[in-house]
Amino acid sequence: MPTSLPPRPVIGILHPGAMGAAIGSALKARAGAVIWADAGRSHATAKRAELADLVAVPDVAELAARSDVIVSICPPHAAREVAEQVAAGLAGRTDRPVYLEANAIAPDTVRAIAQLLGERAVVCDGAVIGPPAWQRGTTVLWLSGPGADALAGLFDGSPFDVRTLDGLGAASGLKACFALQSKALPTLWLAMAEAAARFGVTDALHDELARGGIEHDGALADVRAKAAAKGWRWAGEMDEAAAAFAAVDVPDGFSRAAAELYRRAADRP
């Protein structure tokens with residue numbers, strides 16, 4: 001049965017980081033209100049929410065009780081914990097809000113969250129590919145499973161280009177595949193640099209790469225800067241991608257190695 005939403009739904013964003021704030025802003029045109037949970041969040045999060053003109057509510061329980069649509073967009077390793085908080089907040093509700101699980105997690109994790117929420121919510125799988133979108137042409141939001149068509153309509157005319165796939169977990173599977181080249185592949189530079197340093201062949205490696213027209217210093221500096229800034233978050237995404245590949249009997253070592261390299265970069269910026 002197709003999922004229906006009120007004409008002007010209340011939409012809750014958990015939590016308005018850079019991407020969450022952009023999604024919340026994109027949904028304002030079709031929402032009765034876009035709210036976020038203030039408790040325990042940083043000043044930076046509050047400032048982003050303010051700039052996106054989102055409305056603060058005291059905590060996740062209040063957000064869950066009021067929202068027709070709940071968007072989970074958080075670090076991948078926190079996705080289950082956020083879902084558990086929402087499940088507690090939905091206790092006692094007789095209607096079923098739509099829960100957009102928009103984190104970079106494995107399809108099996110999405111299905112586990114759907115099982116956790118059970119009859120308390122309609123769970124839709126989502127995957128964002130691209131940066132926080134403030135103008136069209138940069139970012140695609142893929143949706144799959146229950147509620148995908150209803151949610152897609154909320155983004156009409158927004159900076160996010162929404163596309164749909166069939167089946168809960170399909171969007172997250174796509175994200176895991178895409179992340180292999182966008183986040184796992186660049187860590188080859190980190191592994192290569194670390195190994196070359198331990199073998200004492202850094203200069204020789206640089207010379208050989210330069211002979212092949214490969215700009216070693218620039219590529220390494222770029223991935224080091226990104227890993228230092230976001231390695232703490234991308235490590236969890238690579239763990240989830242590895243779980244996704246293992247579940248369909250595809251070698252998962254690339255993503256697991258990337259996760260370890262991102263952890264090292266985050267620990268030693």
Side-chain angles (χ1 to χ4, degrees), residues 2-38 41 44-57 63-64 66-76 79 82 86 96-105 110 113 121-175 178-179 182 233 237:
T3 300
S4 61
L5 294 170
R8 301 282 290 181
V10 174
I11 299 172
I13 305 293
L14 297 170
H15 294 281
M19 186 64 75
I23 290 174
S25 179
L27 289 168
K28 284 192 307 175
R30 295 183 178 269
V34 181
I35 62 178
W36 68 286
D38 195 327
R41 310 314 300 175
T45 298
K47 189 64 176 177
R48 279 190 295 265
E50 178 186 349
L51 291 172
D53 197 25
L54 311 185
V55 179
V57 298
L63 181 146
R66 289 180 53 182
S67 298
D68 301 301
V69 175
I70 300 168
V71 181
S72 176
I73 183 78
C74 63
V82 168
V86 169
R96 299 180 68 198
V98 177
Y99 186 87
L100 174 55
E101 176 44 76
N103 299 301
I105 56 178
V110 175
I113 286 171
V122 175
V123 176
C124 180
D125 184 19
V128 183
I129 297 183
W134 298 98
Q135 60 184 11
R136 286 195 66 82
T138 65
T139 307
V140 177
L141 171 61
W142 288 91
L143 302 173
S144 69
D149 291 338
L151 289 176
L154 294 178
F155 287 91
D156 285 349
S158 81
F160 288 84
D161 177 7
V162 177
R163 304 176 190 178
T164 60
L165 294 165
D166 292 331
L168 187 69
S172 287
L174 171 63
K175 179 72 171 183
F178 186 84
S182 65
R233 185 184 189 113
E237 181 175 347

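Each residue takes its place number in the sequence, starting with 1. Just so it is clear, the model here is predicted, and its values are computed rather than measured.
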Of all heavy-atom pairs linking Val162 and Ala152, the shortest is CG1-CB, 3.7 Å
Distance from Leu154 atom CG to Phe160 atom CZ, nearest 0.5 Å?
13.0 Å
Restricting to side chain to side chain contact (heavy atoms under 4.5 Å, CB included), what partner residues turn up for Ser25, sequence neighbours left out?
Lys28, Ala52, Trp134
Sorted by chain and number, sequence neighbours left out, salt bridge (Lys or Arg N to Asp or Glu O under 4.0 Å) with Arg30 holds for none
Sequence neighbours excluded, every pair satisfying side chain to side chain donor-acceptor pair (under 3.5 Å) that has a member inside residues 150-163
Asp161-Arg163
Ile129 backbone acceptor or donor facing Lys175 side chain under 3.5 Å
no
Rounded to the nearest 0.5 Å, how far apart are CD1 of Ile23 and CD1 of Ile73?
4.5 Å
Looking only at heavy atoms, which two atoms of Leu143 and Gly126 are closest? And how far apart?
CD2-CA, 4.2 Å
Evaluate the side-chain proximity of Tyr99 to Val122: yes if any heavy-atom separation is below 4.5 Å, no if none is.
no
Would you check, one step at a time, whether the test side chain to side chain contact (heavy atoms under 4.5 Å, CB included) holds for Asn103 with Cys74?
CA-CA 6 Å; Asn103 299 301; Cys74 63; 3.6 Å; yes
Rounded to the nearest 0.5 Å, how far does CD1 of Ile113 lie from OG of Ser172?
8.5 Å
Which pairs with one or both residues in residues 46-56 pass side chain to side chain donor-acceptor pair (under 3.5 Å), sequence neighbours excluded?
Thr45-Arg48
To the nearest 0.5 Å, atom CG of Leu14 lies from atom CG of Leu63 at 4.5 Å
What heavy-atom pair brings Ile70 and Ala64 nearest, and what distance separates the two atoms?
CD1-CA, 4.0 Å
Compare every heavy atom of Pro146 with every heavy atom of Val123, then report the nearest pair and how far apart it is.
O-CD, 3.5 Å
Indicate the atoms forming the closest heavy-atom contact of Pro76 with Ile105, along with that distance.
O-CG2, 3.8 Å
Of all heavy-atom pairs linking Ala31 and Arg8, the shortest is O-NH2, 3.1 Å
Is Leu151 close to Leu141 at the side-chain level, that is, under 4.5 Å between some pair of heavy atoms?
no
Listed once per pair and sorted, the side chain to side chain donor-acceptor pair (under 3.5 Å) pairs that draw on residues 138-149, sequence neighbours left out:
Asp125-Ser144
Taking side chain to side chain contact (heavy atoms under 4.5 Å, CB included) as the definition, give me every residue that meets it alongside Pro6, ordered by chain and number, with sequence neighbours left out.
Pro9, Asp68
Set of residues satisfying side chain to side chain contact (heavy atoms under 4.5 Å, CB included) with respect to Ala56, sequence neighbours excluded:
Trp36, Asp38
